[in-house]
2 protein chains.
Amino acid sequence: MAPPPAPQTMKERILQTADKLFYLQGIRAIGVDTIAAEIGISKRTLYNHFPSKDALIAAYLERRFVHARPSDKPPAEQILATFDSLERRFAAKDFRGCPFVNAVAELGPSDRAVKKIAIAFKESRRLWFRDRLTELGVADADALATQLVLLVDGSIAQDLVRDDPAMARAAKEAATVLLRNAGVDVGEPVKRRRAPK
Amino acid sequence: MAPPPAPQTMKERILQTADKLFYLQGIRAIGVDTIAAEIGISKRTLYNHFPSKDALIAAYLERRFVHARPSDKPPAEQILATFDSLERRFAAKDFRGCPFVNAVAELGPSDRAVKKIAIAFKESRRLWFRDRLTELGVADADALATQLVLLVDGSIAQDLVRDDPAMARAAKEAATVLLRNAGVDVGEPVKRRRAPK
DNA sequence: TTTTGATTACACAGACCTGTGTACTTAGGC
DNA sequence: GCCTAAGTACACAGGTCTGTGTAATCAAAA
């Protein structure tokens, strides 16, 4: 597994840098000059690849919209693993919330383009949960999927302001209760019963 | 119940207008000129009451930090009523997420003052839940309180991007399950059993 | 070698922002 | 009537931002 090679195209280099700066410091806080300077290119080159900052913002968000990879693990495990992954990301020092929620919060309700992609992203995550729950035979997979994304986004928002990765564990525990309540087998029920030999 | 009289002091008028504009359109999106123009005062007057925009932002957030009013209703009802109130606020067209989370998202991680008040607010909400749960005799009130704030913030974040007040109902249903799982009496268990009588 | 396309350096327009300086007006309290 | 405090009008400094215009450079393809 070689480390990823230096990005090939200019466009990709711009996007990588924009991603880093937009995400870590905020879209409004970063000017195109800053991005160009960070790469060491002229502002003119940047504008030769993206017609406007808005276009760059849209491309940044679209690039963040990565679909979940398929997995052959049992669905219940996949669902709970989501929260473990979340906890790892919270613990990383370069985590700064959900880029889509942040963009909507930053750019305001008037920016329809940003809102549209944010909605699409949130819905894709919800559907991912729903499909796993359907595989598990959960009756109202739709409703439970919504509840699970609430826990995900809630823990992200809480971690954003508190910097506390434990929020992911709390979300996982709540998710476990909700899953068990829906009839999904998720290991031993809380803490009752002694270790079964 | 007379409608609230026109605000008395200049400072209060400034704060009311700043609140409206900052909250609805974003802190970075609104300049002090805009606020002054909206009230019909000169920018100089505004700066006579607040030494800087940062001070105005801080005052805006502090004014948003209203503590929950005491209630004599049963604790379980109070907790669940939180989500009904949330749903009503989502349905209002002037709802635009949590001002504290938005401010942190907008102003970035470097703004310590904003982050500090945001943390204080989030913790005060969590402690409110914890106190209600303690009244109910819930064993691990701390952990459950954290899970409940995740549902609150999750539904706020989801509604911010999706404009869907149903997120509050989903949060309430999840909260009901979590409460029942902790031994709190919250009415009939889901949908089993026919109408009694 | 010549041509073509990408990139650079750099200036600049036009907008907006925060914050200040200054002189004028206005309204009450004494 | 006079004095003080608050507000007004307005210009402006100094900064940032997006986006463009232009001429020079460089490298690789033809």
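As the structure is a prediction and not an experimental result, all values here were calculated from the model. Below, chains carry the letters A, B, ... as their sequence lines are ordered, and counting in each starts from 1.
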When you check the gap from the basic side-chain N to the acidic O, do A:Asp153 and A:Arg125 get nearer than 4.0 Å?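 Salt bridge: no.
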
Please report the distance, rounded to the nearest Å, between [atom1] in [X] and [atom2] in [N].
| X | N | atom1 | atom2 | result |
| --- | --- | --- | --- | --- |
| B:Glu12 | D:dA6 | CD | P | 18 Å |
| B:Met10 | C:dA27 | CE | C1' | 15 Å |
| B:Ile14 | D:dA6 | CD1 | P | 13 Å |
| A:Asp33 | C:dC12 | CG | P | 16 Å |
| A:Leu46 | C:dA6 | CG | P | 15 Å |
| B:Ile39 | D:dA6 | CD1 | C1' | 15 Å |

Show me the donor-acceptor pairs, under 3.5 Å and distance only, between side chains in residues 83-91 of chain A and residues at least two apart or in other chains.
unit_1	atom_1	unit_2	atom_2	d
A:Asp84	OD1	A:Lys172	NZ	2.8
A:Asp84	OD2	A:Lys172	NZ	3.1
A:Glu87	OE1	A:Arg169	NH1	3.4

A:Arg96 side chain to A:Leu24 backbone, donor-acceptor under 3.5 Å: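 Side chain of A:Arg96 to backbone of A:Leu24, a donor-acceptor pair under 3.5 Å: yes, one is there.
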
Using a 3.5 Å distance criterion without hydrogens, assess whether the side chain of A:Arg132 forms a donor-acceptor pair with backbone atoms of A:Pro75.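 Such a contact is absent between A:Arg132 side chain and A:Pro75 backbone.
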
Where is the tightest heavy-atom contact between A:Asp159 and A:Pro165, given as atom of each residue plus distance?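 It is OD1-N, 3.6 Å.
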
Could you pull out all donor-acceptor pairs under 3.5 Å where a side-chain atom in residues 26-36 of chain A meets a protein atom, sequence neighbours excluded?
unit_1	atom_1	unit_2	atom_2	d
A:Arg28	NH1	A:Glu106	O	3.0

Result block: side-chain N/O donor-acceptor pairs under 3.5 angstrom for residues 42-49 of chain B, not counting sequence neighbours:
unit_1	atom_1	unit_2	atom_2	d
B:Ser42	OG	B:Thr45	N	3.3
B:Ser42	OG	B:Thr45	OG1	3.1

If you take any heavy atom closer than 4.0 Å to DNA chain D, which residues from residues 47-54 of chain A end up in contact?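 Result for residues 47-54 of chain A: A:Tyr47, A:Ser52, A:Lys53, sorted by number.
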
Report, one pair per line, the protein and nucleotides 9-11 of chain C atoms (nitrogen or oxygen only) whose separation is under 3.5 Å.
none

Sequence neighbours left out, what passes ring-ring contact (aromatic ring centres under 6.0 Å, His included) with B:Phe121? Give chain and number order.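 ring-ring contact (aromatic ring centres under 6.0 Å, His included) list for B:Phe121, sorted by chain: B:Phe65, B:Phe100.
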
